[in-house]
Amino acid sequence: MKQLWQVREVSTLMILVLEVAFFTWYLWPSDGGHPFLNVGNALLILKYSSIYGIAAIGAAIVIITGGIDLSSGAVIGLTSVVTGYFFVQADWSLTASALMGLMVGLSAGLASSWLIVGMRLPPFIATLGVMGIWRGAGYIITEARFYDLSAKLPRNWTVVGVSIDWVPPLVMVALAGTFQVLMKRFQWGRAIFAVGGNETAALFSGLRVGLVKTTAYVTAGLLAAISGVVLAVVQGQGKADLANGYELDIIASAVVGGTSLTGGRGSVAGAVLGALIFGVLRNALPQIPGATFYDRVIVGLAVIVIVVMDQIMVRRGEA
Amino acid sequence: MKQLWQVREVSTLMILVLEVAFFTWYLWPSDGGHPFLNVGNALLILKYSSIYGIAAIGAAIVIITGGIDLSSGAVIGLTSVVTGYFFVQADWSLTASALMGLMVGLSAGLASSWLIVGMRLPPFIATLGVMGIWRGAGYIITEARFYDLSAKLPRNWTVVGVSIDWVPPLVMVALAGTFQVLMKRFQWGRAIFAVGGNETAALFSGLRVGLVKTTAYVTAGLLAAISGVVLAVVQGQGKADLANGYELDIIASAVVGGTSLTGGRGSVAGAVLGALIFGVLRNALPQIPGATFYDRVIVGLAVIVIVVMDQIMVRRGEA
Amino acid sequence: MITAGLEFCDVAKAFGAVQALRGVSFTIAAGDAHACVGENGAGKSTLLKILAGIIRPDRGALSWAGERIHFSTPREALEHGIGMVYQEMLAFPNLSVTANIFAGREITNRWGVLDERAMRARTQELLMQLHVPVTPDTSMQHVSTACAQLVQVARALAFDCRVLVLDEPTTSLTDAEVDHLFGVVTRLRQQGVTVLFVSHRLPEVYRLCDRITVLRDGQFVDTFERATTPSDDIVRAMVGREPPRRVPHSSSVPQFPSSPVPQFPSSPALQVRGLSRRPAFEDVSFQVAPGEIVGMFGLVGSGRTEILETLFGLATPDAGQVAVDGQAIYVRSTRDAARAGLALVPENRQRQGLFFNLSLRHNLVLPLAAKQGVGLIRDAGEETAARAQVEALTIKAPHLKVTPDALSGGNQQKIVAGKWLATTPKVLLLDEPTKGVDVGAKFEIHNLIRHQADAGMACLMVSSDLPEVLALADRILVMREGHLRGELPGAGATEETVMRLATHDVDLDRPAGGNA
Amino acid sequence: GGGTSDAPPAARKLRFALIPKSLDIPVFDYARIGGERAAAALGVEVIYRGPDRADELRQKEVLESFITQKVDGIAISVLNASFLTSTIDRAVDAGIPVVTWDSDAPASKRLAFYGVDDYRSGIVMGEETAKMLNGKGTVAFITSLGANNLARRLEGAREALAKHPGITILETYDIKEDSVRTGEIIATGTNRYPNLGAWISVGGWPVFSANALAPVPPTTKFVSFDTVPSAITLLRAGKVQVLLGQKYFGWGEEPIKLLHGIINGRKPTNPIIDSGVDVVTAATVDAYEAAWKAMVAGGK
Ligand SMILES: Nc1ncnc2c1ncn2[C@@H]1O[C@H](COP(=O)(O)OP(=O)(O)OP(=O)(O)O)[C@@H](O)[C@H]1O
Ligand SMILES: Nc1ncnc2c1ncn2[C@@H]1O[C@H](COP(=O)(O)OP(=O)(O)OP(=O)(O)O)[C@@H](O)[C@H]1O
Ligand SMILES: [Mg+2]
Ligand SMILES: [Mg+2]
């Protein structure tokens, strides 16, 4: 059996713990309650991270197949628009509107995979093109305005007794768990890893490589759409430019979580942990007075330092 | 000898010609001069495309080694800031300020390659981190303000008799020519292709793989910095958020120009042609009345259609 | 009369201008062990890939027991019981050995959950049968080339198949491993499995197969009965003319009378003292003189590749000294090694040897150009140099602009051997330089090596092909479990004496270091 | 929820958050300077933080993060009012006073707003343009899709122009928050419509350097937002006819003073504090420049 140390996700978790420990220490208050280490703040981090985290699960899956999905941010934005459109404009129920939102993800996944599998475009360029199309579609639908869902949504809304704020993190954890099991314990996951490890070998082994890739992009599209629905519902907004540029943060989350961009290696649980690592940074950095213009530098450095640390840990684990 | 058809750049050139022909037809005026097909407009397209095109040469080189450079946009932005700082704040000459700007590119290239070659980070994540650092550095220097170079730059400025507007395109063409020769007729270029084709085999062949990659990233950094200097002069401004997100356009230019993201294949001349293809789109789409909401969709579709067409032509050429 | 089993009927396939198969028809009896032989590029692999559903033929048909079969995907072929071991090493480096073997056909329980236990058990069993010294949980990236080849075989054996197709499965194996493999294949035959076997090692073909089909230039030549056909006839049918005068493995005495009994200068070109890199090898000392060809033999996993790679700077040794021309060298990179005058012809041509994005010409001249550090590329010079190589090695290619993926496996191997030979290093390290190369070309490569050695180059050659080692080496080093077990003069050595040192059944002059 | 809280212990400095729409818009840095000056004068601490680009979700995250940190007051320029209303309410309910500046969230429980309505600024732009064109001619807009304040300005300007049937709006160009693209669009648009009556830019992108405006012929009027020094130079050079400015320093100063007052029990009588908009034309440029210099020198 593997040593705990060698389990890929553990090193990412360690980094998250170190990060939280650091900010807890650094932001230790001279008086009163801790501004960083409190339940409300933890929930805040979880709530915002889940928008990235849910999509990062899909990003990790696509990257493991050896591909990449640059359209996730645009899918999130368009999903919020479509959900908003049906909920506010067409006055449908929330569930029905959310389902229409998920359709966006499904179509996006099918479109990307058709280009990649059917037309044999490189994933980077296919999803880059598709990104422009979805983002543009959002602007066309809204005519650069937005749908305000919050007016129609209940205030202090609870779902089976829990505040709506807890729903996104719970969805994220549930999805991460489900996909972690699917990836590790089911044939589908094994096929994803095989395709990413050696596509020719996968083909020669009788794997339906095209189908496997299609499922990966469709899954990624659906997960991005779930992020979009969460965004629309929890934040009460459907707007074309939402999540603009998030695709890079989402991919970075997956990579920081141990997913290798050359394919064949990675973890969906790691991707969620990666999203949390960035979520903590986004939350804690504004609490440091005077660091205003240093944010980007710190986030950039953090990405590098984390991946370097992670590599060192993994190498030590192997030795 | 190869058929003309099979020369990689020819198919990209064909697409550019088709594109120009299309817009010439579509925008044919009912009266008076043609709004698209005129020297002034061609110069305009060339001038703005050179900002992308110069950097795309570097992007193509890096991609041919099997890497990727996401920091080019940030390097362009920071170069404009540094050039602006020395030109406006420190009141240096333009040449000296531009040289300081190029230092940004050199340092950026060295930093990226140190992370990639020395620390063995995946290029995507290394340059993503580095992108944050350079962008952030621009904000720290300017405190989110900007340097106005235009006040100090001469009006109706000519360089050896040609209007300054012609300089960026000429620089782009000169650089494309130089690097085309270096890539095709020199051992350095051969090494770049070899490393991208099979890094292990390159190692076994006694190539200094690390050095080759370093030169690629440094070249890309320097070329992005040249873009940045051009931008500072064209725009008359040094501002941290300039060229925000251009890295994806630059990479797309290289890919549309026939550079394969899996490494080992591509062309710097193609990358420049790719930048021109996008430049024509950026110029022509706003000339179509009412296209505002549609232009993202059109650009996205164009990327896809061009790469598909290109693949078809290449395949036919091979058959 | 042959009872119709697998029948190829007028199968043709062209790749662009290259006609790989020109209407091949022959029949393999059900339950037969049938060999398919031919020179490099004769079309064997193409034929097999058509059978496996990877390549679609331009025309022609396949039938099984009189019934037309047509596979448009590898999956269909697998479902119809065609088990295939491909010539190209096709592994998933990111997965474990078990996962590699079951890729695409995992065992699951009734909930669809992977049954890791069952798969591991089956893997363990297969690895034992084939005597592969790896565990089921080993990550494939850590498995040596030869073991990886056996894992590929295990993959085909893991499932019941009606036809087992083996495309050069033994190129990295020595006789000992081949024995295990053939044992397993023979057992399958007894269960009624039809075997189609491709190899350039005629003795193996004779051991395993009843009938031998010869292909030449994409055409069917004839099918021979093993019992009534001497191997010379097969070779003649393959090359379409008289076979080369001396076929290296047809005899076990040294073949090159042109090279006089070597008079080696006192200072060796390569001197290795106490080199260790645990656990791959330990305390290895030997030397190679200029003009000498030293063969290094050993079973799979005995550490030979590791020694060569360590010498070439691809790994850092734990201990030991290396000297070239009496000068101690410390190589930290392949560049250091190249500058010290070493060159390595690697074992894995796909991964380590070839640039699939570069033309044949560029592939052939690259190491030489890299060594000379030329700046400007001179087309004419390169063209001449490359053309000379193509002719010397009889590389079968339509022109110099093709990329290596358009060449047959053996021709790819010739590029790999040729490109490093051209650099004329002081010390040439060769790892399985002629694997998958046909008889004639092997002879040419041997000639080239001998020629370079005569010009003063020192050669250290690892080969699993014992007849080749016996034919070419002036001296033979034998490795076992990471230790140097003995040294034999090339002239006196026989297969028996070498094999005895390489395997366990011999009294040890030193206590065994490794564990069994 | 009440807007006041108990006076804090004297030992601790009050901490106010000053949140702009985005860190990468130059004029907001004057707000930071203004805010820091006010803070120094009042002996409080001000944390200037916002999303690094105009991303309303990130702005909300920053806002919520300040709420959980329990800062003593928040001054925010709201990217999207409907998006932040409930969050602002939550802050106020939790006892953190919130004032808005530059861009309001009128439906929220914010205690005050300092600034001009974007819509009203737009109307001013439209009216000034119509005046210059004598009620007839063609107009092209420059905006960036997605930003609400820009959309509001655009709306106002369109409304104002709609009152003049002689004026045709030819195009609304989306420059995608990219000032390089602004120069390209202006050049292309000029090429396309050489006889254009006027450009209206609802953001300051064209006036940050002289280059973007270089192709515009003297016959075409140019109206733009933002009165930064480079814009003033352009106005003096005749490249721009009308500039709209806001109280950039005041954006920072006033809200901090307001928050300090609220904490000390001084609630503003009228929650809407109109800062007024500066309309700078050739006639008023000298006065404006003098006032600007005074403002810059102000705190130093
Ligand atoms: N993908 C391809 N594209 C173009 N030509 C090909 C391709 N694959 C094989 N060929 C050509 O077809 C011919 C037959 O190749 P094949 O691989 O079947 O030979 P082979 O008999 O297996 O040889 P070897 O013993 O060297 O493996 C060769 O001339 C080869 O160059
Ligand atoms: N990358 C690796 N990581 C860990 N162990 C390895 C690695 N490569 C090889 N080994 C192990 O080292 C031992 C020696 O392998 P090596 O490949 O050097 O043997 P060899 O004698 O060349 O045999 P062959 O080349 O026929 O496989 C084997 O037990 C092998 O499993
Ligand atoms: Mg073959
Ligand atoms: Mg070996």
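What you see below is based on every heavy atom in this structure, not just the backbone, and it leaves out hydrogens, waters and symmetry mates.
Results of the side chain to side chain contact (heavy atoms under 4.5 Å, CB included) test with Asn148(D) over Val78(D), Asn80(D), Leu79(D) single out Asn80(D) as the only residue that passes.
Proximity to chain D is limited to the side chain of Ile51(A), based on heavy atoms less than 4.5 angstrom apart. Neither the backbone nor the side chain of Ile45(A) comes within contact range of chain D, judged by heavy atoms closer than 4.5 Å. Neither the backbone nor the side chain of Phe36(A) has a heavy atom closer than 4.5 Å to any heavy atom of chain D. With a threshold of 4.5 angstrom between heavy atoms, Asn38(A) approaches chain D through side-chain atoms but not through N, CA, C or O. For a residue to count as touching a neighbouring chain, one of its non-hydrogen atoms must lie under 4.5 Å from one of that chain's; by this rule Asp295(A) touches chain D with the side chain only. For chain A, the nearby part of Arg32(D) is the side chain; its heavy atoms alone come within less than 4.5 Å.
A donor-acceptor pair is defined here as one N or O able to donate and one able to accept, closer than 3.5 Å; such a pair exists between the side chain of Arg49(D) and the backbone of Leu285(A).
Using a cutoff of 4.0 Å between basic side-chain nitrogens and carboxylate oxygens, Asp93(D) and Arg90(D) are not scored as salt-bridged. Checked for salt-bridge contact, Arg153(D) and Asp117(D) miss the test: no charged N lies under 4.0 Å from a carboxylate O.
Chain D forms the most heavy-atom pairs under 4.5 Å with one residue out of Asp241(A), Asp148(A), Leu44(A), and that residue is Leu44(A). Ranking Arg282(A), Gln237(A), His34(A) against chain D, the residue ahead of the rest is Gln237(A), based on heavy-atom pairs under 4.5 Å.
Ring pair Trp251(D)/Phe28(D) is tilted by interplanar angle, where 30° to 60° counts as tilted.
Looking at Leu94(A) and Phe87(A), their side chains come closer than 4.5 Å, going by heavy atoms from C-beta outward.
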